[in-house]
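The next block holds one structure in the form of structure tokens; read it before the comments.
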Amino acid sequence: MDGLRHLLPRLLRHPWLLAGSVICAIFSAGGLGVGLISLGPLLRIILEGRSKESVAQLIQQYNASRSGFDVPERLVNLLPADPFHAVVAIMVGLGLLTVFGATANFLHQFLALEISNRAVAEVRTEVFRHSLSMPLSEVQRRGAAELVSRINKDSMALQGGMLALTSKTVAQLTKGLAAFAAAVWFDWRLTIVALLVAPILGSILRKLGRRIRRATRAALEAQEDLLRVSNEAIQGIRTVKTATAESMAADRFEVANAAVLREELRVRTARAIASPLIEMLAVFVLIGLAILAARQILDGQMDFDSFMLSLAALAVAGGSLKPLAGLVNDIQASAAPAERLEELLAIPDEAASASGAAAIGRHSESIRFNGVRYRYPGADVDSLTDVDLEIAFGEHVAIVGPNGCGKTTLLGLLPRLFDPTEGVVAIDGSDLRSVRLPELRRQIGVVTQETVLFRGTIRENIAFGLETDDAAIRAAADLAHATEFIDALPLGLDHLIAELGTSLSGGQRQRIAIARALLRAPSLLILDEATSQIDAESEEHINAAVAEFRAGRTLVVIAHRLSTVLAADRIVVMDAGRIVDVGTHEELLDRCEVYQRLARTQLMPG
């Protein structure tokens, strides 16, 4: 089965747990098999115990009446000679066997739950870590909702298949085989006839499993869209309310929810028909066996008690194997999330996309964009075209241009959030595609307009990604002019920030983000409209602090405020993905039409 192909490699990562679980299941099933086999001698003693033969003689007659394995003579000698006492002894033995079987079954279930839970937790961690290391372009193309859905929803669906395989399937299968072995003990002829229906059952289950797997995959994809719609509405709740778009958001959710329901209902027929179909086939098999046995009994070729015991053992085997239809469906259904998770893991990560792993020292010479072109996956036009630019170490460069001209995309190439479609981006002569990513990114500080904070304390958010002490954190907060509002909070640095930083104002969030970047003591500081939500007075203080902090560092900023632009050594003007001019404020006002237009319409006074 395809489901087993996906699940078994995960389970084999814990061989001792898997082996212990299977061994305990075999012991538990063995107790059932021995109990069924003991019914033969027990029935003979009860039915013929009033005769003058001893218990030993009765069991010897029982052994002689059938071919194959016999009741061991050593075990027979342990039984009392009196039939009633022998029956009591056998019953006590069955009771002890039941306790042993129940203990083995408990250990099997315990180990099966541990191995399935551990395996799924490891898969979840592996997929999450891989998602973090995937190229940013791939993450953006798929969207957060798809990745979160695969990490959480698909792993939960995978867990259902793992539990079905390790816990229920192994238990039911071993018990069914033990009961089947008992049936062979009593009369192998009836058992062989019963096996004739196995290929039919296998074919039916295989066809139903394929349909379930396809429907499960479609349902998971529909749930991705449902998660996306719900996330957008809840995270954008301010916009929804101020736009009085509650009804529209609810309608979008209902459409997505209806799609999920439709895909989940597609599989109901396949799941519902499996168990009744197997029950019907089992009844037909029993009818056939009864007719065959009647002929054998009437012809004197079979004992009635052997027929009844064999039929009873087959019934127990059928009862144990009956749930396998539903369990096989669960295993097949888990193949779909397993495939989706494997698809995600097959995407090359950022490290794999590097052509080498050369070390890169701390930036001290220059940054160069040489013939750079970049197009987002799936886009029809380039975001950057023929970009050539050199920035000397220690230089302060401002990048300006109309919205959508490629400013943020250009700076995203420096920490290798993207790789250029054509051309080379180099720091100190090293092509960034050939250097070690952690070493590159550790020396770059980035603050974006869309500030991202995480649920946790202010201390944790400022120190995010670093191991440092409170003194360094406070020094960075001072530089970012964040100390005043932090100290005003009841818990100071230990103040808990809500998810996405919604408990703070936009300006407070940006100050924390600036402190986070400054704490890294970067050799290259990138500010992408980092002070857009800060008042002019605070921006002036922060600009002064950054000007002092940037000594011995390269500073590249994207800004819409004239004061930030005027503080730069050079200004780079971009339009439609190209660099159209580079110079000082006065030079560009004299010769650059795009800059003149920006100065009149977009560059706000400082």
Thr125 side chain to Glu122 backbone, donor-acceptor under 3.5 Å: no
Contact summary for Val120 and Ser155, nearest pair of heavy atoms: CG1-O, 3.4 Å
With a 4.5 Å heavy-atom cut-off, do Leu566 and Thr584 have their side chains touching? no
Can you list the steps and then say if Ile391 with Val556 is a side chain to side chain contact (heavy atoms under 4.5 Å, CB included)? CA-CA 9 Å; Ile391 302 172; Val556 184; 4.0 Å; yes
Is the closest side-chain heavy-atom distance between Leu496 and Arg455 below 4.5 Å? yes
Shortest non-hydrogen pair, His363 vs Thr554, comes out as NE2-OG1, 2.8 Å
Under the side chain to side chain contact (heavy atoms under 4.5 Å, CB included) criterion, do Ile571 and Glu587 qualify, and how do the steps go? CA-CA 10 Å; Ile571 303 169; Glu587 292 170 346; over 6 Å; no
side-chain contact (heavy atoms from CB on, under 4.5 Å) with Leu493: which of Ile473, Asn461, Thr457? Ile473
In short, His130 meets Ile347 closest at the heavy-atom pair NE2-O, 2.7 Å
With distance as the sole test, does His495 use its side chain to make a donor-acceptor pair with the main-chain N or O of Ile486 at under 3.5 Å? no
Might you point out which heavy atoms bring Pro522 and Ile444 nearest each other, and give the distance in Å? CB-C, 3.8 Å
Any side-chain to backbone donor/acceptor pair from Arg416 onto Leu437? Under 3.5 Å, distance only. no
Can you find a pair of side-chain heavy atoms, one from Thr409 and one from Tyr376, that are under 4.5 Å apart? yes
Does a donor on one side chain sit under 3.5 Å from an acceptor on the other, for Asp528 and Thr448? no
Can you tell which of Val557, Leu417, Ile558 makes a side-chain contact (heavy atoms from CB on, under 4.5 Å) with Leu411? Ile558
Where does the angle between the aromatic ring planes of Tyr374 and Phe418 fall among parallel (under 30°), tilted (30 to 60°) and perpendicular (over 60°)? tilted
Is there a donor-acceptor contact under 3.5 Å from the side chain of Ser383 to the main chain of Gly406? no
With a 4.5 Å cut-off on side-chain heavy atoms, are Leu440 and Pro415 touching? no
For a 4.5 angstrom cut-off between non-hydrogen side-chain atoms, does Leu389 reach Val572? yes
Side chain to side chain contact (heavy atoms under 4.5 Å, CB included) between Leu414 and Val446, worked out: CA-CA 10 Å; Leu414 291 175; Val446 180; over 6 Å; no
Is any side-chain heavy atom of Ile367 closer than 4.5 Å to a side-chain heavy atom of Leu524? yes
Run the salt-bridge test on Asp575 and Arg578 with the 4.0 Å N-O cut-off and return the result as yes or no. no
Can any side-chain N or O of Ser523 pair as donor or acceptor with the backbone N or O of Gln443 at less than 3.5 Å? yes
Taking all non-hydrogen atoms of both residues, which atom of Pro135 and which atom of Pro348 are closest, and how far apart? CD-O, 3.3 Å
Show, in sequence, the C-alpha distance, side-chain angles and deciding distance for Arg340 and Asp154, and conclude whether the salt bridge (Lys or Arg N to Asp or Glu O under 4.0 Å) test is met. CA-CA 8 Å; Arg340 283 163 48 85; Asp154 288 22; 2.6 Å; yes
Per the side-chain contact (heavy atoms from CB on, under 4.5 Å) rule, which among Val580, Asp581, Val573 passes with Tyr595? Val573
Could you check Val582 against Val397 for side chain to side chain contact (heavy atoms under 4.5 Å, CB included), going step by step and ending with a plain yes or no? CA-CA 10 Å; Val582 180; Val397 174; over 6 Å; no
Flag yes if more than 12 heavy atoms outside Phe128 fall under 6.0 Å of its CZ atom; otherwise flag no. no
So for atom CZ, which belongs to Arg362, do other residues, nucleotides or ligands contribute more than 12 heavy atoms lying within a distance under 6.0 Å? yes
N/O donor-acceptor pair under 3.5 Å between Glu439 side chain and Arg436 backbone: no
Under 3.5 Å: donor-acceptor pair, side chain of Glu395, backbone of Ala392: yes
I'd like to know if Arg433 and Asp419 make a salt bridge, using a cut-off of under 4.0 Å between side-chain N and carboxylate O. no
Has Arg368 got a side-chain atom pairing as donor or acceptor with Asp388's backbone, closer than 3.5 angstrom? no
Please indicate whether Arg118 has more than 12 foreign heavy atoms, meaning atoms of other residues, nucleotides or ligands, lying under 6.0 Å from its CZ. no
Could you check whether any side-chain heavy atom of Phe464 comes within less than 4.5 Å of a side-chain heavy atom of Ile512, counting everything from C-beta outward? no
For the side chain of Arg509 and the backbone of Leu504, is there at least one donor-acceptor N/O pair under 3.5 Å apart? yes
Exam field: side chain Lys407 to backbone Pro402, donor-acceptor pair closer than 3.5 Å: yes
Is there side-chain contact between Val372 and Val424, with at least one heavy-atom pair below 4.5 Å? no
Atom of Ala515, atom of Ala476 and distance for their closest heavy-atom approach: O-CB, 3.4 Å
For a salt bridge (Lys or Arg N to Asp or Glu O under 4.0 Å) check, start with the C-alpha distance between Arg373 and Asp386, then their side-chain angles and the critical distance, and finish with the verdict. CA-CA 6 Å; Arg373 180 177 72 84; Asp386 297 329; over 6 Å; no
